[in-house]
Amino acid sequence: MHRLTINQTTTAADQYRVEVTLEADGLPTRTATADFFFTLAEHDPGDLRWYLEDFIQLALIDPAPKIARRIEARMIAIGTELFDAVFAANDDLRDLWAAVRDHLADTRVEIIADLQAAIATPWELLRDPQTDTPLALHAGAFVRAQRGPARLPQIRETSAEPIRILLVICRPGAADDVPFRSVATRLIKGLTEEDRALFQLDVLRPPTFERLGQVLRAAKADDRPYHILHFDGHGAWGEPEDEPRPGSHGYLVFENPAAEDNTQLVDGPTLGALLSETGVSALALLACRSTYAVPSTQPDIVHDDPHSRVRAFGSLAQEVM
């Protein structure tokens, strides 16, 4: 598979530099750079959030479909504008993209960005205007990579044992919540009979953060830590009254029978510390707002707790890393 890496840094307000690298099988590595200006309109972030999070619940209620069509047109415009800002910036980048265009299905597109740039630039909308192709939907893989994670994952060998996945399904709303098996069933059905022998899928019961710690620590003590933690539930964004760090943050919503609303909010540093302690190599999140973040005018906040060395505006996913 080819690899197209877009390495983005912030140079000034709404101004960025990208270093684009193409690694293709059997061919020399090619690199090109560009400086560009990019900014979203004031209403764009709110519109995109509404479309991705709220529209699915309002799709049959007027005027939601009309609003959605307007936002969809705007998403195409944003993606095209971003593509032109990068790949039409100079001849080197135009030639580099020409080498990728016909092989996009066999290309891994990897976005690496500092936090400020990651928040401000919707690379997932990137769209080739010549072919009307959204890269995120047509590339072999389209991923964002974290620059400077606190610790690189230690991937354990899996040849002698199945890949162990712990599935955390949190439904604090019980019968009024999303169906319990809405995701787990599809995960299993997506595997062939032969594939299923390669995986061990366990479900955390009860799905509380306390129980998660017990199960992960027991697996670690048995020298059989889980390879993957898959969280299926709700995310939240806010500023709890008892939160010692300034600013709003992202949280996962675990069940908590001791609370009146059956919920416990767990932030990124807390979850990341547990995963690091117990040797979990990968975290899969299916939770709204788990990547939601907003810029902050505050400087980086560093605390005595080594697990709390985070910026005051990180998303839950960023703070986990």
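Everything numeric here is computed off the predicted structure, so don't read it as measured data.
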query = From K220 NZ over to D223 CG, what is the distance, rounded to the nearest 0.5 angstrom?
reply = 7.5 Å
query = Does atom CD of E210 have more than 12 heavy-atom neighbours from other groups under 6.0 Å away?
reply = no
task = To the nearest 0.5 angstrom, please state how far the CZ atom of F209 sits from the CG atom of L252.
result = 9.5 Å
ask   = Do L93 and L22 belong together in a cluster built from hydrophobic side chains that touch within less than 4.5 Å?
value = yes
Backbone N/O of R3 and side chain of R108: donor-acceptor pair under 3.5 Å = no
request  = Step through it carefully: locate the ring centre of F142, locate the ring centre of W123, and say whether they are under 6.0 Å apart.
outcome  = no
request  = State whether the number of non-hydrogen atoms from other residues, nucleotides or ligands found under 6.0 Å of L27 atom CG is greater than 12.
outcome  = yes
query = Side-chain heavy atoms under 4.5 angstrom apart, residues restricted to Ile, Leu, Val, Met, Phe, Trp, Tyr: same cluster for F37 and Y16?
reply = no
request  = Evaluate the criterion side chain to side chain contact (heavy atoms under 4.5 Å, CB included) for residue pair L271 and L212; output intermediate values, then yes/no.
outcome  = CA-CA 10 Å; L271 179 60; L212 176 64; 4.3 Å; yes
Short side-chain to backbone donor-acceptor contact, S276 and G272, under 3.5 Å = no
task = Taking T270 for its side chain and V266 for its backbone only, find out whether a donor-acceptor pair lies under 3.5 Å.
result = no
query = Would F231 and F254 count as a close aromatic pair, with their ring centres under 6.0 Å?
reply = yes
ask   = Judged by atom type as modelled, is there a donor-acceptor pair below 3.5 Å linking the side chain of D261 to the main-chain atoms of P172?
value = no
L40 to P45 - nearest heavy-atom pair and separation = CD1-CG, 4.2 Å
message = I need the R70 CZ to I67 CD1 distance, nearest 0.5 Å.
response = 7.0 Å
ask   = Looking only at heavy atoms, what is the nearest atom pair of E110 and I112, with distance?
value = OE2-CD1, 3.7 Å
request  = Might you point out which heavy atoms bring L96 and R30 nearest each other, and give the distance in Å?
outcome  = N-NH2, 3.7 Å
Non-hydrogen side-chain atoms of L201 and I165 separated by less than 4.5 Å = yes
Side-chain heavy atoms of V18 within contact of N7, under 4.5 Å = no
task = Answer whether the closest heavy-atom distance between the side chains of I228 and I163 falls below 4.5 Å.
result = yes
ask   = What's the spacing between I111 CD1 and I6 CD1 if we round to 0.5 Å?
value = 3.5 Å
ask   = Looking only at heavy atoms, which two atoms of A236 and L265 are closest? And how far apart?
value = CB-CD2, 4.3 Å
request  = Determine the sole option in T131, T133, D128 for which the side chain to side chain donor-acceptor pair (under 3.5 Å) test with R101 is passed.
outcome  = D128
ask   = Salt bridge or not for E124 and R144, using N-O below 4.0 Å?
value = yes
message = Are F38 and V109 connected into the same hydrophobic cluster when the rule is that any two of I, L, V, M, F, W, Y join if their side-chain heavy atoms are below 4.5 Å apart?
response = yes
task = Measure across P134 and D132 and return the closest heavy-atom pair with its distance rounded to 0.1 Å.
result = CD-O, 3.6 Å
message = Less than 3.5 Å apart, any donor N or O on the side chain of Q200 or Y226 sitting next to an acceptor on the other?
response = no
message = So does M1 get a backbone contact from the side chain of D106, meaning a donor-acceptor N/O pair under 3.5 Å?
response = no
message = Evaluate Q264 against V253 for side chain to side chain contact (heavy atoms under 4.5 Å, CB included), listing each step before the verdict.
response = CA-CA 6 Å; Q264 178 184 359; V253 183; over 6 Å; no
inquiry  = Test your reading of the model: is there a side-chain donor-acceptor pair from D44 to the backbone of A41, 3.5 Å cut-off?
reply    = yes
I78-I76 co-clustered via ILVMFWY side chain contacts under 4.5 Å = no
request  = For residues L4 and V20, determine if any side-chain heavy atom of one lies less than 4.5 Å from a side-chain heavy atom of the other.
outcome  = yes
task = Apply side chain to side chain contact (heavy atoms under 4.5 Å, CB included) to D232 and L285, showing your working.
result = CA-CA 7 Å; D232 167 19; L285 290 176; over 6 Å; no
query = Thinking salt bridges, do R74 and D47 make one under a 4.0 Å N-O criterion?
reply = no
request  = Determine, step by step, whether E277 and R217 satisfy the salt bridge (charged side-chain N to carboxylate O under 4.0 Å, His left out) criterion, reporting the C-alpha distance in whole Å, the side-chain angles of both residues, the deciding distance to 0.1 Å, and the verdict.
outcome  = CA-CA 8 Å; E277 173 196 343; R217 291 186 178 102; 2.7 Å; yes
note = Nearest heavy-atom contact between L229 and V280 is N-CG1, 3.9 Å
query = Can Q8 and T121 be counted as having a side-chain donor-acceptor contact under 3.5 angstrom?
reply = yes
query = So do the side chains of D84 and P129 get within less than 4.5 Å of each other, counting heavy atoms only?
reply = yes
request  = Specify whether W97 and F87 have parallel, tilted or perpendicular ring planes, treating 30° as the upper limit for parallel and 60° as the lower limit for perpendicular.
outcome  = tilted
query = When rounded to the nearest 0.5 angstrom, what distance separates CG in L167 from CZ in R205?
reply = 9.5 Å
note = Here the gap from R49 atom CZ to I71 atom CD1, rounded to the nearest 0.5 Å, amounts to 9.5 Å
task = For the pair R171 and E255, find out whether any cationic side-chain nitrogen is under 4.0 Å from an anionic carboxylate oxygen.
result = no
request  = Report the C-alpha separation of L216 and L274 in whole Å, then their side-chain angles, then the decisive distance to 0.1 Å, and conclude whether the side chain to side chain contact (heavy atoms under 4.5 Å, CB included) test is met.
outcome  = CA-CA 8 Å; L216 293 182; L274 176 62; 4.0 Å; yes
task = Report whether F55 and I61 are members of the same hydrophobic cluster (ILVMFWY, side-chain heavy atoms less than 4.5 Å apart, transitive linking).
result = yes
